[in-house]
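Chain letters run A, B, ... following the sequence lines, proteins first, then strands; residues in each count from 1.
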There are 2 protein chains.
Amino acid sequence: MRPTVHDIAAEAEVSLATVDRVLNNRPGVRKVTRDKVERAIATLGYIRDVAAANLAKSRSYPLIFILPEGENAFMRGLEAEVQSARARSAVERTDITILSVPAFDGSALADALDDARRRGPAGVAVVAVEAPQVVAAVGRLRADGIAVVTLVSDLTGSERDHFAGVDNIAAGRTAGSLMRRFLGGRDGPVAIVAGSMLVRDHRDRLEGFSAAVNEGVAKRHLLSVVEGHDDPSEVEKLVQDLLASHADLAGIYSLGAGNRGMIAALERAGRQSEICAIAHELTPYSRAALVSGTIDALLNQDAGHEVRSAIRVLKARADGLSMIEAQERIRIDIFLKDNLPVEPA
Amino acid sequence: MRPTVHDIAAEAEVSLATVDRVLNNRPGVRKVTRDKVERAIATLGYIRDVAAANLAKSRSYPLIFILPEGENAFMRGLEAEVQSARARSAVERTDITILSVPAFDGSALADALDDARRRGPAGVAVVAVEAPQVVAAVGRLRADGIAVVTLVSDLTGSERDHFAGVDNIAAGRTAGSLMRRFLGGRDGPVAIVAGSMLVRDHRDRLEGFSAAVNEGVAKRHLLSVVEGHDDPSEVEKLVQDLLASHADLAGIYSLGAGNRGMIAALERAGRQSEICAIAHELTPYSRAALVSGTIDALLNQDAGHEVRSAIRVLKARADGLSMIEAQERIRIDIFLKDNLPVEPA
DNA sequence: GAATTTTTGATGTACGTAAATCAAAAATGC
DNA sequence: GCATTTTTGATTTACGTACATCAAAAATTC
């Protein structure tokens with residue numbers, strides 16, 4: 001049987017109340033007594049029963065998630081993950097609210113952050129857009145003692161407690177490395193389609209890709225980046241134009257969302273097998289394209305992991321606890337059609 | 001505030017005792033009353049507070065893990081994960097024992113399973129070796145009502161409740177697909193090094209690889225499989241021989257353990273950059289080789305995920321509950337040097 | 001309609017911790 | 001050595017559920 005507070009009290013020859021004072025850092029305990037209790041804790045190997053502690057505290061964590069609107073399939077998947085975290089609220093003692101804001105709109109996001117602040121939550125998770133107003137709004141939240149975690153896209157120069165997302169420079173490098181190896185000796189330029197250079201994750205991916213695709217000897221020509229604002233129809237038009245003006249196009253790297261558009265353009269042009277396409281995020285559309293061969297490789301960040309990590313960090317920060325860095329690192333998954341996970345039910 | 005048993009009692013206009021009888025399927029409740037209570041549960045959206053329930057029950061789950069001995073780095077990593085699950089025993093109410101058996105030895109494994117059976121655990125997780133005695137021993141455990149999960153390597157024809165591991169045919173396919181694309185138009189045969197054809201996971205990987213590496217047009221010559229029994233020095237000798245007898249070797253697929261040997265042989269021959277090497281499992285050795293470029297790609301199964309999944313399933317089965325299939329599926333990770341996770345502390 | 005069985009209610013204890021109160025004891029200041 | 005402050009002890013209630021006991025009420029049987 002694992003030791004309880006009663007065992008500590010007996011071992012240290014003090015009362016239960018004193019043990020409680022030591023365990024919960026309450027004042028009014030002499031140094032000698034405190035040491036005595038801590039020695040007892042160490043010798044018995046006492047571990048606090050968090051389930052019982054939470055039960056007794058009946059603490060709850062009001063959290064707010066701020067996500068971009070729009071038909072971006074990855075973001076909708078992310079929202080679904082937040083919803084399913086909400087379903088676990090009972091067990092995890094969280095109380096999650098979701099706020100939606102227009103995508104790529106710094107001032108709207110800043111307003112939403114201020115709105116969140118007025119609600120007085122324990123923590124806020126936000127998909128960041130890089131803008132001075134946003135940095136300022138995050139500062140106000142932090143000043144109020146509200147924990148802030150950036151989700152998926154980080155915010156340079158802000159006082160956020162943590163970034164729950166992948167290393168996007170490494171993700172870009174991975175894409176570049178795959179592109180280089182998959183193209184092998186083949187000629188032709190490579191096109192890059194981004195969502196917006198206003199978000200940090202897209203800028204980082206571009207940086208990593210550019211460096212890795214030309215590592216080694218052969219220098220491959222990279223066309224200048226086009227921005228599709230994560231909108232399928234806009235992306236489709238852009239890719240259509242790229243295909244028309246570059247008959248020798250060897251590869252496309254889509255580093256943002258709106259892949260539906262790229263897929264449609266490639267397939268309508270009938271050039272899906274000759275062009276090596278690498279994209280981000282596993283969605284129903286990109287999955288189908290990977291299976292059919294239109295897309296050659298997909299990089300993915302697990303939205304479920306990111307949401308759960310964000311919640312863990314926010315709860316820890318709200319309690320003034322530290323986090324286990326290694327545990328909160330989000331991996332970059334590579335999917336080929338051969339290692340696709342089974343379709344979610 | 002989420003509803004409690006008291007709220008249900010009030011809503012259904014019955015006593016707390018009756019609610020308890022319904023919730024825990026105790027006898028002595030009329031159908032009409034039971035329905036009334038169940039309606040109250042539904043309308044209030046009551047969810048049992050598992051933390052409080054476990055606290056009240058003070059239930060514990062004695063589990064036994066049976067792992068192969070030897071200096072197989074993956075297996076030692078797996079054992080470390082079981083150890084760290086042991087450290088969480090307090091929270092998870094588990095009581096984990098580890099038994100070690102010689103690798104690739106069916107009768108020793110069967111003996112260990114019988115030993116486990118005598119200890120009367122709630123569940124057993126085992127890295128299987130395919131042998132009739134093992135199948136029979138698993139049958140005896142199941143007959144005693146002990147839950148059994150195969151770990152990493154499955155057991156054909158057995159009555160195990162679940163397999164906590166990756167789809168190794170898909171893993172082999174993924175390796176084959178990468179090999180094909182990385183080699184591109186280059187000539188030369190590909191060698192395959194396995195641990196033993198006695199374990200299901202190695203046989204499955206071979207099957208998948210053979211199919212995928214020659215998908216499409218060009219037929220690449222595959223040398224016949226050699227078995228290194230997951231032993232680094234044995235593998236080193238085998239690879240040394242392969243290199244000596246095949247000056248035009250284009251690729252090596254190492255589908256088992258003992259990669260240290262392969263790495264050493266490749267580097268001593270100075271042919272690490274001309275030969276495309278694909279291997280399994282991220283260990284300190286394989287990681288270093290991936291970074292240096294000796295290994296081109298690593299497939300990995302997350303041992304931590306597998307252990308945690310096995311524990312979840314064993315606990316659920318011990319309680320006669322069902323599991324969420326999708327949640328327990330273990331992914332196949334692909335690592336290039338560009339998307340390597342940071343070194344564990 | 002009495003005797004029997006089944007169903008329900010009332011109540012208490014337990015799990016391990018948190019948190020509060022009030023009294024008693026010990027340490028400190030002067 | 002007295003008054004004051006600080007430290008400690010003893011005790012109680014609470015969190016939400018599980019589980020047991022005994023009595024009371026209702027339903028069933030004959």
Chemist: May I have the distance from B:N54 (atom CG) to C:dA14 (atom C1'), rounded to whole angstrom?
Modeler: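 Between C1' of C:dA14 and CG of B:N54: 15 Å.
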Chemist: So, OP1 or OP2 of C:dA18: does either fall under 4.0 Å of a side-chain N or O from A:R48?
Modeler: yes
Chemist: D:dG16 P sits how many Å from B:R2 CZ, rounded?
Modeler: 8 Å
Chemist: Taking 4.0 Å as the cut-off, does a side-chain nitrogen or oxygen of B:S15 come that near to OP1 or OP2 on C:dG9?
Modeler: yes
Chemist: Please pick, from D:dA18, C:dT17, C:dC15, the nucleotide with the shortest atom-to-atom distance to any side-chain atom of B:K57.
Modeler: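 The listed nucleotide nearest to B:K57's side chain is D:dA18.
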Chemist: Looking at every non-hydrogen atom in both residues, tell me the closest pair between A:T156 and A:V135 and how far apart they are.
Modeler: O-CG2, 3.9 Å
Chemist: Can you measure A:D49 atom CG to D:dC15 atom C1' for me and round it to whole angstrom units?
Modeler: 13 Å
Chemist: Quick one: is the NZ or CZ of A:R48 closer than 6.0 Å to the six-membered ring centre of A:Y46, and within 45° of its axis?
Modeler: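 Judged by the rule (NZ or CZ under 6.0 Å from the ring centre, within 45° of its axis), A:R48 is not positioned above A:Y46.
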Chemist: If you measure from the Lys or Arg side-chain nitrogens to the Asp or Glu carboxylate oxygens, is any gap between A:R119 and A:D115 under 4.0 Å?
Modeler: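 The answer is yes: the pair qualifies as a salt bridge.
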Chemist: In this structure, how many angstroms lie between the P atom of D:dG9 and the CD atom of A:E13, rounded?
Modeler: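 Checked: the CD to P distance equals 10 Å.
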Chemist: Counting the atoms with a prime plus P, OP1 and OP2 as sugar-phosphate, which does B:V50 contact under 4.0 Å by heavy atoms, base, sugar-phosphate, or nothing?
Modeler: nothing
Chemist: Can a donor-acceptor pair be found, under 3.5 Å and without considering hydrogens, that links the side chain of A:D35 to the backbone of A:V32?
Modeler: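 It does not hold such a pair.
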Chemist: Counting any heavy atom closer than 4.0 Å, what does B:S58 reach on the DNA or RNA strands: base, sugar-phosphate only, or nothing?
Modeler: nothing
Chemist: Could you check A:R329 against A:D167 for side chain to side chain contact (heavy atoms under 4.5 Å, CB included), going step by step and ending with a plain yes or no?
Modeler: CA-CA 9 Å; A:R329 208 144 266 141; A:D167 175 344; over 6 Å; no
Chemist: Hey, are B:D49 and A:R93 close enough for a salt bridge, meaning a charged N less than 4.0 Å from a carboxylate O?
Modeler: yes
Chemist: Would you say the side-chain atoms of B:R142 pair up with the backbone N or O of B:E159, donor to acceptor, closer than 3.5 Å?
Modeler: yes
Chemist: Between P on D:dA26 and NZ on B:K31, what's the gap in Å once rounded to a whole number?
Modeler: 22 Å
Chemist: For B:P341 versus B:L282, what's the shortest heavy-atom pair and its separation?
Modeler: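 That closest heavy-atom pairing would be CG-CD2, 4.1 Å.
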Chemist: Whole Å only: how far is the CG atom of A:L55 from the P atom of D:dA18?
Modeler: 12 Å
Chemist: Minimum heavy-atom separation for B:A12 to B:K36, with atom names?
Modeler: O-CE, 3.5 Å
Chemist: Look for any protein N or O under 3.5 Å of an N or O in nucleotides 24-30 of chain C and output each such pair with its distance, or none.
Modeler:
none

Chemist: Expected output is a numbered-order residue list: members of residues 17-29 of chain A with a heavy atom under 4.0 Å from any atom of DNA chain D. What is it?
Modeler: A:A17, A:T18, A:R21, A:G28, A:V29
Chemist: Measure the distance from CG on A:L16 to C1' on C:dA19 and round it to the nearest whole Å.
Modeler: 12 Å
Chemist: Could you check how far NE2 of B:H6 sits from C1' of D:dT17, rounded to whole Å?
Modeler: 9 Å
